[in-house]
Amino acid sequence: MKRVLLIVSGGIAAYKSLEVVRRLRERGVAVRAVLTRGGAQFVTPLSLAALTEDKVYTDLFSLTDESEMGHIQLSRDADLLLVAPASADLLAKATHGLADDLASTVLLATDKAVLAAPAMNVRMWQHPATQANLATLAERGMRFVGPDEGPMACGEYGPGRLAEPGAIVAAALAMLGETMLSETGACARPLAGRRALVTSGPTHEAIDPVRYIANRSSGKQGHAIAAALAALGAETVLVSGPTHEAVPPGVVLRPVKSAEAMLAACRAELPVDVAVCAAAVADWTPVAAARQKLKKDGAGDRLTLDLKRNPDILATLSQPGPKRPALVVGFAAETEKVVENARAKRAAKRCDWILANDVSAATGTFGGDRNTIHLIAGDAEENWPELSKREVAARLAARISESLDVRKDAAE
């Protein structure tokens with residue numbers, strides 16, 4: 001039986017942790033809970049104890065538990081540590097190695113995988129300190145699910161809502177290595193043993209220390225694709241420009257800013273079986289970024305920037321050679337002649353597939369939550385209905401799995 005140690009920190013979203021426990025137990029997972037002082041303001045130890053059918057741990061200096069080094073044993077007995085909700089405070093403690101309560105001490109003492117579901121006010125989520133903490137924790141191996149975007153108890157709207165219990169449980173099961181079975185009982189992790197590379201988000205091309213050239217890409221589609229590939233068992237690396245999207249569970253993040261840095265990160269990950277280039281890479285970058293902030297005083301009414309073309313990541317990965325992925329997939333975000341322009345792009349880049357989508361102002365899909373995709377592979381064309389970006393990702397991951405199996409059979 002798999003074992004999860006659930007850490008419940010402070011925040012109104014803590015009530016959802018009870019549903020997480022219930023759903024994990026339904027899947028045959030044993031759950032033990034650690035409740036912080038803040039978390040106890042929103043859910044009671046009795047509620048957690050009733051649902052887990054186990055003792056709830058709250059005190060770092062318990063005379064009974066700590067006589068047996070309880071915080072060490074708690075951290076070692078579990079197969080996975082799940083922090084839901086993960087407050088900004090607890091994430092900051094974990095980043096800096098602080099251990100002034102049971103929850104932070106357990107996180108510092110563990111040698112097991114950790115999945116965190118952040119939940120906090122939108123301003124706290126977007127604060128540079130929180131984002132820096134998340135990046136550091138991700139580099140150390142912590143995985144994240146959510147947060148979602150929407151209205152909050154404080155009356156504000158934006159990213160910071162705790163992910164829904166179903167999404168948290170799915171991410172936890174994926175990290176536990178639970179295989180999802182199809183109706184026929186066949187293993188639904190067909191990409192196990194494969195390596196996948198996904199690019200996501202925009203790139204920021206520096207003009208000076210405070211200004212840059214960018215676009216409106218949110219990174220939602222690329223991150224969803226990385227999550228879908230990982231869910232099918234692929235060892236997945238996500239090379240992403242700056243976004244507010246959380247790192248999908250089971251995915252290794254390589255954060256970058258510029259197009260040149262993104263290309264270097266991609267090259268460093270080769271060889272891979274499949275590369276999906278979903279990032280909206282800036283076409284141009286300043287020849288030389290100014291070392292100091294450009295002043296408008298005395299510059300007149302116009303400013304001329306000397307730009308050069310950025311490296312073409314999709315075309316570079318598609319070049320023939322021993323490290324070329326077996327399958328290279330690109331995206332074509334178009335505002336007119338969507339399919340026609342996408343076909344021309346596929347031929348020019350020499351990639352295997354192009355996924356074309358309409359990002360004109362009328363569709364509102366650039367940065368939104370839905371896409372209408374045309375998958376172009378050679379002369380073949382698949383017109384998908386309007387789907388959520390997660391549904392697009394799941395369908396693409398399934399197509400990738402099918403294609404890699406066909407290529408493997410052909411090679412044998």
Side-chain angles (χ1 to χ4, degrees), residues 6-14 16-17 20 34 36-39 41-42 81-101 103-108 110 113-164 167-168 171 200-202 204 209-210 212 214 217-220 222-224 226-227 238-257 367:
L6 173 66
I7 298 175
V8 181
S9 66
I12 184 62
K16 292 184 179 180
S17 64
V20 170
V34 170
T36 69
R37 182 176 298 179
Q41 302 299 310
F42 301 95
L81 271 64
L82 171 60
V83 191
S87 66
D89 177 67
L90 186 54
L91 292 172
K93 288 179 180 178
T95 302
H96 298 286
L98 301 181
D100 63 351
D101 64 359
S104 57
T105 301
V106 166
L107 286 171
L108 190 61
T110 193
V114 181
L115 172 65
M120 64 197 73
N121 169 268
V122 59
R123 309 296 178 191
M124 297 171 70
W125 171 255
Q126 293 175 341
H127 195 284
T130 300
Q131 292 301 308
N133 290 341
L134 292 164
T136 297
L137 292 171
E139 289 177 2
R140 295 175 186 166
M142 185 179 289
R143 298 290 176 259
F144 299 94
V145 54
D148 291 344
E149 183 174 307
M152 300 182 180
C154 60
E156 294 193 87
Y157 184 97
R161 284 170 55 96
L162 182 70
E164 290 304 312
I168 295 172
S200 183
H204 288 180
V210 299
Y212 54 82
S217 173
S218 66
K220 291 178 181 179
H223 279 60
L238 177 64
V239 179
S240 178
T243 79
H244 293 303
E245 294 298 299
V247 183
V251 172
V252 176
L253 176 68
R254 300 284 187 250
V256 298
K257 289 186 178 180

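All values derive from a computational prediction rather than experimental measurement. The residues of the chain are indexed from 1 along the displayed sequence.
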Main-chain N/O of [Y] paired with [X] side-chain donor or acceptor, under 3.5 Å:
| X | Y | answer |
| --- | --- | --- |
| T95 | L91 | yes |
| T110 | V106 | no |
| S200 | G219 | yes |
| S87 | S9 | no |
| S104 | G97 | no |

side-chain contact (heavy atoms from CB on, under 4.5 Å) between R143 and V252, intermediate numbers included: CA-CA 9 Å; R143 298 290 176 259; V252 176; 3.6 Å; yes
Check against side-chain contact (heavy atoms from CB on, under 4.5 Å), V83 and L107: CA-CA 9 Å; V83 191; L107 286 171; 4.1 Å; yes
If you compare all heavy atoms of [X] against all heavy atoms of [Y], which two are closest, and at what distance to 0.1 Å?
| X | Y | value |
| --- | --- | --- |
| Q126 | Q131 | O-CG, 4.2 Å |
| E139 | P255 | OE2-CG, 4.4 Å |
| A88 | T130 | CB-OG1, 4.5 Å |
| A14 | V8 | CB-CG1, 3.9 Å |
| A226 | L238 | CB-CD1, 4.0 Å |
| L115 | P249 | CD1-CB, 4.3 Å |

Please tell me if the side chains of [X] and [Y] come closer than 4.5 Å, counting only heavy atoms from C-beta onward.
| X | Y | result |
| --- | --- | --- |
| V247 | L134 | no |
| L137 | F144 | yes |
| D89 | T36 | no |
| R37 | D101 | no |
| T243 | P202 | yes |
| S240 | H223 | yes |

Partner set under side chain to side chain contact (heavy atoms under 4.5 Å, CB included) for A214, not counting sequence neighbours: H204, Y212
N133 and H96: CA distance, side-chain angles, deciding distance, side-chain contact (heavy atoms from CB on, under 4.5 Å) verdict: CA-CA 9 Å; N133 290 341; H96 298 286; 3.8 Å; yes
Atom pair CG (L81) and CG (L6), whose distance is rounded to the nearest 0.5 Å: 9.5 Å
